[in-house]
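The figures that follow rest on heavy atoms only: side chains count, while hydrogens, waters and symmetry mates do not. All figures in this text were calculated on a predicted structure; none of them were measured in a lab.
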Amino acid sequence: MCIGHPVKTREDVHTLKIPKGDIGLPHGLMFLQLTYLRGWEECMVDFAEEPEELQLLIDKVLEYNMRQVRIQLKSMKKKQSFYRFW
């Protein structure tokens, strides 16, 4: 259960720092990660209004997720499956 949302306002998106630690992919795909960061209601308003901060937040989450996927891919053996990320 998520308690609190670190990106309370659209302005907070501009100062959000991508985590430097590599702890693996967080729970949920992009949509859930956005709702965890912004909160359900704020995220739905963002989707409806399409502010520039929404794309910035998506880009930041994607950058972190791609870094985690690259790390996982480097550690995988040839015959391992990639399905768990989808």
Side-chain angles (χ1 to χ4, degrees):
M1 181 163 122
C2 183
I3 299 174
H5 306 285
V7 186
K8 295 180 184 348
T9 67
R10 289 178 180 168
E11 292 76 29
D12 291 344
V13 174
H14 295 281
T15 58
L16 179 68
K17 301 290 184 209
I18 299 170
K20 296 204 183 284
D22 295 317
I23 59 172
L25 286 169
H27 173 264
L29 297 175
M30 177 66 71
F31 176 77
L32 285 179
Q33 292 173 26
L34 295 172
T35 62
Y36 295 157
L37 290 168
R38 289 283 287 137
W40 178 262
E41 289 181 29
E42 293 300 324
C43 194
M44 294 302 103
V45 171
D46 289 347
F47 284 131
E49 296 179 354
E50 298 182 357
E52 67 180 49
E53 289 84 2
L54 176 59
Q55 186 60 56
L56 179 59
L57 185 58
I58 289 170
D59 292 344
K60 289 182 178 195
V61 171
L62 179 62
E63 182 179 335
Y64 176 80
N65 287 348
M66 291 303 296
R67 189 174 79 219
Q68 300 312 303
V69 168
R70 284 186 194 100
I71 290 168
Q72 288 291 324
L73 286 173
K74 285 179 185 176
S75 69
M76 286 181 159
K77 294 179 182 172
K78 247 185 178 176
K79 293 188 179 184
Q80 281 183 316
S81 168
F82 191 68
Y83 77 91
R84 73 176 218 170
F85 296 117
W86 307 106

Per-pair distances, 0.1 Å, donor-acceptor, side chain in residues 25-33, under 3.5 Å, sequence neighbours excluded:
from, atom 1, to, atom 2, distance (Å)
H27, ND1, Y36, OH, 2.9
Q33, OE1, N65, ND2, 2.9
Q33, NE2, G28, O, 2.7

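- Under the rule for a side-chain contact (heavy atoms from CB on, under 4.5 Å), T15 has no partner lying at least two apart in sequence or in another chain.
- For the salt bridge (charged side-chain N to carboxylate O under 4.0 Å, His left out) condition, the pairs that include at least one residue of residues 51-67, sequence neighbours left out, are D22-R67.
- In this structure, M44 is a member of the same hydrophobic cluster as V61, with clusters built from ILVMFWY side-chain heavy atoms closer than 4.5 Å.
- In the hydrophobic clustering of ILVMFWY residues, with side-chain heavy atoms under 4.5 Å counting as a link, W40 and V13 come out together.
- By the 4.5 Å side-chain criterion applied to Ile, Leu, Val, Met, Phe, Trp and Tyr, I71 is assigned to no cluster and stands alone.
- Put simply, CG on L57 and NE2 on H14 are 10.5 Å apart, with the number rounded to the nearest 0.5 Å.
- In the hydrophobic clustering of this structure, L37 groups with L56; members are Ile, Leu, Val, Met, Phe, Trp, Tyr whose side-chain heavy atoms approach within less than 4.5 Å, directly or through other members.
- Rounding to the nearest 0.5 Å gives a distance of 6.5 Å between CG of L54 and CG of L34.
- What you find for Q68 and I23 is that their closest heavy atoms are OE1-N, 3.6 Å.
- Residue pairs meeting the ring-ring contact (aromatic ring centres under 6.0 Å, His included) criterion with at least one partner in residues 54-74, sequence neighbours excluded, are absent.
- Screening residues 26-46 for salt bridge (charged side-chain N to carboxylate O under 4.0 Å, His left out) gives R10-D46, R38-E42, R38-D46 as the qualifying pairs, with residues at least two apart or on separate chains.
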